[in-house]
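Shown next, in structure tokens, is the structure this report addresses.
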Amino acid sequence: MKPANETFSSCGTTVFEVFSRLAVEAGAINLGQGFPDDRGPPDVLAEAVRALRDDSNQYPSMMGLPALRQAVARHGQRFYGLEVDWQTEVMVTSGATEALAACLLGLIRPGDEVVLFEPLYDSYWPIIRLAGGIPRLVTLRPPDWGFDRAGLAAAFSPRTKLVLVNDPLNPAAKVFTADELGLIAEFVLAHDAYVVCDEVYEHLVFDGRRHIPLITWPGLRDRCLKIGSAGKTFSLTGWKVGYVTGAPALLQPVARAHQFLTFTTPPNLQSAVAFGLAKDDSYFTGLAAGMQAKRDRLAAGLVAAGLTVLPSAGSYFLIADTRATGFTGDDVAFCRSLTVEARVAAIPVSAFYASAPLSGCIRFCFCKSDAVLDEAVARLIRHFTGR
Ligand code: PMP
Ligand code: GLN
């Protein structure tokens with residue numbers, strides 16, 4: 001057989017799928033792949049049912065239902081004071097995954113350099129390579145996941161086309177500070193570059209922090225593509241409804257890529273997400289508060305089991321440093337053993353590093369019911385302490 005496209009065939013199956021399958025085989029509680037175990041907001045589900053039954057189920061506009069594009073524009077105004085023209089500056093995609101692919105394929109030309117921070121979400125690298133881009137990494141390390149001017153200066157060059165920023169950052173649970181965003185903005189402007197902002201966890205920011213979209217930063221309004229996901233904002237990860245906001249000249253080439261990737265997204269789900277984005281502020285604050293309480297519940301349990309827990313400022317995730325446990329293998333072996341023997345699945349953080357390996361850190365997902373978190377903690381305590 002002639003060989004398949006190497007960019008993808010060299011990747012292997014994603015770490016999320018690998019550990020979700022292992023969790024099923026082992027009868028483990030899956031705190032690996034990031035997905036909530038509740039049903040999602042009942043009124044959003046009801047709107048999806050209504051729209052499926054009563055509205056058109058044919059191809060909507062490739063840019064998305066007007067109702068959802070308007071809702072995304074209003075959401076930007078309400079939460080970030082961002083003035084958006086829904087007709088020319090918003091596009092609906094099949095999840096943030098497709099939005100990322102459309103942004104990267106639409107903008108990158110072969111030989112363009114792309115600055116990105118590792119740990120990085122697994123879909124970034126192959127899509128950048130597919131587009132002919134050359135990744136330039138800024139490596140972040142625990143416990144603070146910080147970076148400085150020298151780190152950015154080493155990654156930027158006259159060939160830098162764009163920067164990809166995931167804020168809040170999966171898996172590090174880092175929320176970029178205003179100083180860090182300002183530094184990124186300075187380099188972007190100095191290099192006449194663009195920013196693709198993966199902000200799927202924009203409403204999952206804890207302890208009174210505020211999410212600052214880079215698109216609102218002075219000078220960056222026309223240089224940023226802001227990506228959101230209904231999967232995270234409404235705890236409906238299987239829906240795969242995403243949205244991109246950006247200046248018309250930037251969005252247009254992205255729309256050209258999108259028209260040949262998926263073209264459209266199921267219209268009833270778009271209607272339901274439009275409904276959801278218009279919900280009261282209390283929905284959004286309640287989502288973050290509920291998730292913060294789950295973070296604290298799991299963090300306390302992991303500490304009781306003898307793990308060292310790093311701070312989590314946002315997202316669905318907590319990272320534990322496993323080095324104090326005395327386990328001698330790497331983080332992949334640790335997660336395998338945890339899944340099979342303790343029957344709790346987690347994700348090895350090394351999977352998010354493309355250049356410089358990181359060992360000893362594993363990622364737990366806390367967006368689960370209290371009963372599930374408690375049972376996972378009981379299993380971990382038994383596993384590590386024999387109690
Ligand atoms: N970016 C990040 C950082 C993520 O964690 C996820 C999680 N699924 C995605 C993008 C993809 O989002 P979606 O499910 O909307 O495609
Ligand atoms: N974003 C999810 C996570 O980080 C996984 C999404 C996927 O499985 N592709 O766990």
Side-chain angles (χ1 to χ4, degrees), residues 8 11-24 30-37 40 64 68 72 91-104 116-128 140 145 164-176 196-205 211 225-245 258 261-262 265-266 269-270 272-273 276-277 291 312-319 335 339 345-353 361-368:
F8 294 120
C11 285
T13 304
T14 83
V15 69
F16 310 114
E17 181 75 16
V18 167
F19 276 93
S20 285
R21 278 189 212 163
L22 189 63
V24 170
N30 190 354
L31 303 187
Q33 190 177 33
F35 61 91
D37 64 356
L68 178 51
V72 171
M91 184 176 81
V92 177
T93 58
S94 293
T97 308
E98 196 238 329
L100 282 157
C103 289
L104 297 170
L116 59 170
F117 297 86
E118 66 174 351
L120 49 87
Y121 187 60
D122 66 346
S123 78
Y124 300 169
W125 189 274
I127 301 292
I128 290 167
L140 310 182
W145 313 98
L164 176 42
V165 180
N166 174 210
D167 181 21
L169 178 64
N170 174 13
K174 168 193 175 73
V175 173
F176 285 67
V196 174
C197 305
D198 177 348
E199 298 180 358
V200 299
Y201 300 105
E202 63 189 321
H203 288 293
L204 297 168
V205 172
H211 170 67
L225 289 159
K226 177 187 188 316
I227 297 173
S229 169
K232 317 294 175 201
T233 297
F234 300 105
S235 304
L236 296 162
T237 59
W239 276 21
K240 303 299 280 190
V241 179
Y243 20 90
V244 188
T245 303
H258 159 76
L261 287 171
T262 57
T265 298
L269 301 184
Q270 293 195 47
V273 172
L277 286 175
M291 217 57 90
S312 164
S315 80
Y316 282 161
F317 309 114
L318 264 179
I319 289 188
C335 287
T339 307
I347 298 284
V349 173
S350 62
F352 296 83
Y353 280 79
C361 284
I362 64 174
R363 189 194 80 176
F364 289 95
C365 169
F366 50 73
C367 52
K368 306 292 178 186

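Side chains are part of it too, since the values below use all heavy atoms of this structure and drop only hydrogens, waters and symmetry mates. Being a predicted model, the structure only gives us computed values, none of them experimental. Start at 1 and go down the list; that is how both ligands and their atoms are numbered.
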Discussion item. Please list, in number order, the atoms of ligand 2 under 4.0 Å from a heavy atom of Lys232.
Written reply: 1 (N)
Using heavy atoms and a 4.0 Å limit, tell me yes or no: is [X] in contact with ligand 2?
{"X": "Phe35", "value": "no"}
{"X": "Arg363", "value": "yes"}
{"X": "Asn170", "value": "yes"}

Response to the item:
Hits for ring pair (Phe, Tyr, Trp, His ring centres under 6.0 Å) against Phe117, two or more places apart or cross-chain, chain-then-number order -> Phe147, Phe176
Main-chain N/O of [Y] paired with [X] side-chain donor or acceptor, under 3.5 Å:
{"X": "Arg363", "Y": "Leu318", "value": "no"}
{"X": "Ser312", "Y": "Phe317", "value": "yes"}
{"X": "Lys368", "Y": "Phe35", "value": "yes"}

Practice prompt. May I ask you to identify the nearest protein heavy atom to atom 2 (C) of ligand 2, giving residue, atom name and distance to one decimal place in Å?
Written response: Gly34 N, 4.0 Å
Worksheet item: In the protein, what heavy atom is nearest to atom 8 (O) of ligand 2, and what distance, to one decimal place, separates them?
Response: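 That would be Gln33 NE2, 2.7 Å.
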Worksheet entry | Shortest non-hydrogen contact between Ala101 and Ile127, atoms and distance | CA-CG2, 3.8 Å
Discussion item. Tell me the closest heavy-atom pair linking Pro168 and Leu204, and the distance in Å.
Written reply: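 Smallest interatomic distance, heavy atoms only, reads CG-O, 4.1 Å.
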Fill in: Ser20: partners by side-chain contact (heavy atoms from CB on, under 4.5 Å), with sequence neighbours left out
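For Ser20 the side-chain contact (heavy atoms from CB on, under 4.5 Å) partners, ignoring immediate neighbours, are Asn30, Gln33.
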Worksheet item: By side-chain contact (heavy atoms from CB on, under 4.5 Å), which residues pair with Pro266, not counting sequence neighbours?
Response: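 If we apply the side-chain contact (heavy atoms from CB on, under 4.5 Å) test to Pro266, skipping adjacent residues, the hits are Asn268, Leu269.
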Write 'none' if nothing qualifies; otherwise put on separate lines each N/O atom of ligand 1 with a protein N/O atom under 3.5 Å away and their distance to 0.1 Å.
from, atom 1, to, atom 2, distance (Å)
ligand 1, 1 (N), Asp198, OD1, 3.4
ligand 1, 1 (N), Asp198, OD2, 2.6
ligand 1, 5 (O), Asn170, ND2, 2.8
ligand 1, 5 (O), Tyr201, OH, 2.7
ligand 1, 8 (N), Tyr121, OH, 3.4
ligand 1, 8 (N), Lys232, NZ, 2.6
ligand 1, 14 (O), Lys240, NZ, 3.1
ligand 1, 15 (O), Ala96, N, 2.8
ligand 1, 15 (O), Ser229, OG, 2.7
ligand 1, 16 (O), Ala96, N, 3.1
ligand 1, 16 (O), Thr97, N, 2.9
ligand 1, 16 (O), Thr97, OG1, 2.6
ligand 1, 16 (O), Lys240, NZ, 2.7

Discussion item. Would His211 and Asp167 count as a side chain to side chain contact (heavy atoms under 4.5 Å, CB included) here? Give the steps.
Written reply: CA-CA 8 Å; His211 170 67; Asp167 181 21; 4.2 Å; yes
Discussion item. Out of Phe317, Tyr201, Tyr121, who is nearest to atom 9 (N) of ligand 2 when you count heavy atoms only?
Written reply: Tyr121
